[in-house]
Undergrad: 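Quick one: the structure is below, questions incoming.
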Amino acid sequence: MNQVEPQSLKDWQELFAKTRLDARPFIGNQRSDAPISQFFDVVNPFTDKVLTSAPRCGSVEINAAVATARKAFEDGSWSLMAASKRSEVLCRLADLIEANGPELALLDTIQMGIPVSLAMPDIQLAAKKLREAAAGSERLFGMLLPSSSSCIALNLRVPQGVVGAITPWNFPLFVALGKVGAALATGNCVVLKPSEIAPLACLRLADLATEAGLPSGVLNVVPGLGPEAGRALASHLDVDMLSFTGSTATGRALMQAAAESNLKALHLELGGKSPQVVLDDCGDLAALAQQLADGFMFNGGQLCVAGTRLVLAQELATELPKLIAEKTGAWKFGNPLDPATLLGPLASRLQCERVRRFMSRASQSGFDACTGPHGENKNLPVPTIFTGVPSSAEIFQEEVFGPVAVSSSFDTDTQAIELANGTKFGLVANVWSSDFVRGHAVATKIKAGAVTLNTRTTHEPPRTIDASIEPAGESGFGAEGGIAGLMAFTRARHLLMNLPRPN
Ligand code: ADP
């Protein structure tokens with residue numbers, strides 16, 4: 001039965017009061033009650049109160065989960081099932097995600113502060129993307145190769161095998177489901193290690209997957225800390241592929257772990273410092289200012305694709321940052337359980353302190369700070385644009401993961417491109433110009449997995465079902481989304497069959 005979406009703060013608080021927070025690991029289609037001696041706290045960043053203590057799983061639980069996934073993979077109950085049948089199970093899971101949307105959104109909200117007003121559409125989008133992955137997997141055609149009449153030569157896409165997934169806290173269920181959905185749709189069995197900041201919705205996903213009919217052992221979810229459970233998964237000798245979203249520093253550690261263990265295939269979606277390039281012919285500044293503000297304010301700037309570098313034509317460099325700072329006020333701060341709230345606290349006190357340290361170093365470097373109507377809020381720094389920032393500055397180069405942007409200016413389009421490409425990252429970029437030919441010329445020279453002209457990167461139309469993004473530079477590698485995103489969870493196999501000779 002579909003849960004009714006709460007309509008007020010009181011309704012959401014009531015749902016919170018009656019929601020069971022179950023952080024036990026999920027291995028072999030059930031919650032595990034195996035004794036565990038250590039726990040970690042899951043904390044609500046809006047209240048700083050402990051929500052629950054989660055089992056601090058390590059190599060013992062990871063080994064058990066990988067063995068279960070391996071057994072499930074080898075028995076073929078999922079990996080050899082017809083793609084159309086797998087697709088049916090995943091579509092049932094998508095229905096269950098939607099039906100339980102309020103609970104899943106609530107779990108993300110209380111753990112990492114994303115307002116329910118964003119978490120609800122996020123969960124619906126996650127279900128939609130799961131259906132897309134399911135549908136796409138039925139179109140992963142193999143090839144019949146030209147060969148002599150005495151044989152049949154095929155090229156097929158086959159699952160990687162046991163896939164480890166390590167995921168971040170910024171959109172806990174959405175990011176995890178992006179990986180898990182693509183991996184399952186292509187016939188893999190999965191061990192997911194969600195972020196220690198927000199493991200609950202991912203664990204709940206596994207309960208729902210069982211309800212949808214996923215065979216035992218196909219999806220396992222193990223809570224734990226990065227250097228413990230995460231590292232055990234990354235170093236495991238029986239994991240065939242590791243898909244990760246998180247920081248570039250952790251991505252490097254995972255490459256090392258893969259190299260030192262079994263050379264498992266890697267899929268890394270890492271940091272970003274995405275440019276929003278505004279040419280002098282961009283048109284209506286007031287409307288654009290809101291879009292530019294939205295680019296680094298969504299989810300408190302805690303998204304790898306946040307448009308945190310404003311690369312502005314010289315004649316806009318004084319006026320536009322002030323306008324954008326004003327527009328940050330549209331993001332109303334409040335209790336994330338209040339449907340009227342658009343901006344909650346950052347995901348944790350530690351994250352907030354980290355962002356504030358970035359900001360104070362930028363201030364000490366002498367950059368002017370441009371702010372709007374926001375004051376100080378608990379666990380949320382004042383949304384700020386540092387202006388006139390050269391590409392050599394730390395705040396220009398490093399991902400902050402908070403409501404903080406920098407602005408830099410250019411005189412020529414060539415300089416704009418240089419600035420846009422002036423970091424180690426290459427995730428997304430937006431270009432704004434009313435001259436299509438000029439805007440297109442700039443957009444094509446920016447190195448990023450997705451470049452948009454006169455729109456922000458979005459999951460809604462005009463995005464198409466088959467759009468895939470593959471990061472560049474130190475933002476990682478491996479496609480996400482669309483057919484290429486599904487192919488990333490498969491490998492090529494050549495199958496050559498000699499035909500019996502006629503007697
Ligand atoms: P953040 O600092 O934003 O949490 P991380 O890259 O540290 O970003 O974390 C993303 C995910 O990576 C989390 O699930 C975390 O537990 C995991 N992780 C962190 N360090 C390691 C590590 N050394 N090995 C494996 N996983 C890790």
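Just the heavy atoms: all of them, side chains too, but no hydrogens, waters or symmetry mates, feed the values below. Starting from 1, each residue takes its place in the sequence as its number. As the structure lists them, so they are numbered: ligands from 1, and atoms in each ligand from 1.
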Undergrad: Quick check against the 3.5 Å criterion: does Lys273 have a side-chain atom that pairs as donor or acceptor with the backbone of Leu427?
TA: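 Checking the backbone N and O of Leu427 against the side chain of Lys273, no donor-acceptor pair under 3.5 Å is found.
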Undergrad: Can you tell whether the side chains of Glu61 and Lys193 come within less than 4.0 Å, N to carboxylate O?
TA: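 A salt bridge is absent here (no side-chain N lies under 4.0 Å from a carboxylate O).
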Undergrad: Tell me, yes or no, whether the heavy-atom count around Arg231 atom CZ, taken from other residues, nucleotides or ligands under 6.0 Å, exceeds 12.
TA: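 Counting neighbours around CZ of Arg231, 12 or fewer heavy atoms of other residues, nucleotides or ligands fall under 6.0 Å, so no.
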Undergrad: Would you say atom 12 (O) of ligand 1 touches the protein, meaning some protein heavy atom is under 4.0 Å from it?
TA: yes
Undergrad: Quick one: does Ser475's side chain have a donor or acceptor within less than 3.5 Å of a partner on Gly473's backbone?
TA: no
Undergrad: Does the side chain of Asn262 pick up a donor-acceptor pair with the side chain of His236 at under 3.5 Å?
TA: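 No pair is found: no donor N or O on one side chain lies under 3.5 Å from an acceptor on the other.
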Undergrad: Can you find an N or O of Ala234 that's nearer than 3.5 Å to an N or O of ligand 1?
TA: no
Undergrad: Hey, is Glu196 touching ligand 1 through its side chain, its backbone, both or neither, going by heavy atoms under 4.0 Å?
TA: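 For Glu196, only side-chain atoms sit under 4.0 Å from ligand 1.
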Undergrad: If we only consider heavy atoms of Phe244, is any one of them less than 4.0 Å away from an atom in ligand 1?
TA: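 Phe244: in contact with ligand 1 (<4.0 Å).
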Undergrad: Name the closest protein heavy atom to atom 17 (C) of ligand 1, giving the residue it belongs to and the distance to 0.1 Å.
TA: Ile166 CG2, 3.6 Å
Undergrad: Can you pull out the closest protein heavy atom to atom 9 (O) of ligand 1? Residue, atom name and distance to 0.1 Å, please.
TA: Thr250 OG1, 4.6 Å
Undergrad: From atom 24 (N) of ligand 1, is the closest protein heavy-atom distance below 4.0 Å?
TA: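 Yes, there is a protein heavy atom closer to it than 4.0 Å.
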Undergrad: Any carboxylate oxygen within less than 4.0 angstrom of a Lys/Arg side-chain nitrogen, looking at Arg70 and Asp75?
TA: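 Result for this pair is no, no salt bridge flagged.
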Undergrad: In the protein, which heavy atom is nearest to atom 6 (O) of ligand 1, and how far is it?
TA: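 Residue, atom and distance for the closest contact: Ser247 OG, 2.7 Å.
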Undergrad: For the atom pair CG (Asp122) and CD1 (Ile114), what is the distance rounded to the nearest 0.5 Å?
TA: 5.0 Å
Undergrad: One thing to verify: whether Arg131 and Asp95 come together as a salt bridge, which I'm taking to mean a side-chain N less than 4.0 angstrom from a carboxylate O.
TA: yes
Undergrad: Leu254 heavy atoms, cut-off 4.0 Å: which ligand 1 atoms fall inside?
TA: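 Close to Leu254: 24 (N), 25 (C).
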Undergrad: Begin from the C-alpha positions of Glu480 and Lys179 and carry the test salt bridge (Lys or Arg N to Asp or Glu O under 4.0 Å) through to its verdict.
TA: CA-CA 8 Å; Glu480 290 219 339; Lys179 295 183 186 311; 3.2 Å; yes
Undergrad: Can you list the atoms of ligand 1 that are under 4.0 Å from a heavy atom of Ser195?
TA: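 Listed by number with element: 14 (O).
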Undergrad: State the atoms of ligand 1, each with its element, that fall below the 4.0 Å cut-off from a heavy-atom position in Trp169.
TA: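 Going through ligand 1 atom by atom, the ones under 4.0 Å from Trp169 are 1 (P), 3 (O), 4 (O).
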Undergrad: Can you tell me the protein heavy atom closest to atom 18 (N) of ligand 1 and the distance?
TA: Gly226 CA, 3.4 Å
Undergrad: Can an N or O of Thr167 be found at a distance shorter than 3.5 Å from an N or O of ligand 1?
TA: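 Looking only at distances, the answer is yes, because the N/O contact criterion of under 3.5 Å is met.
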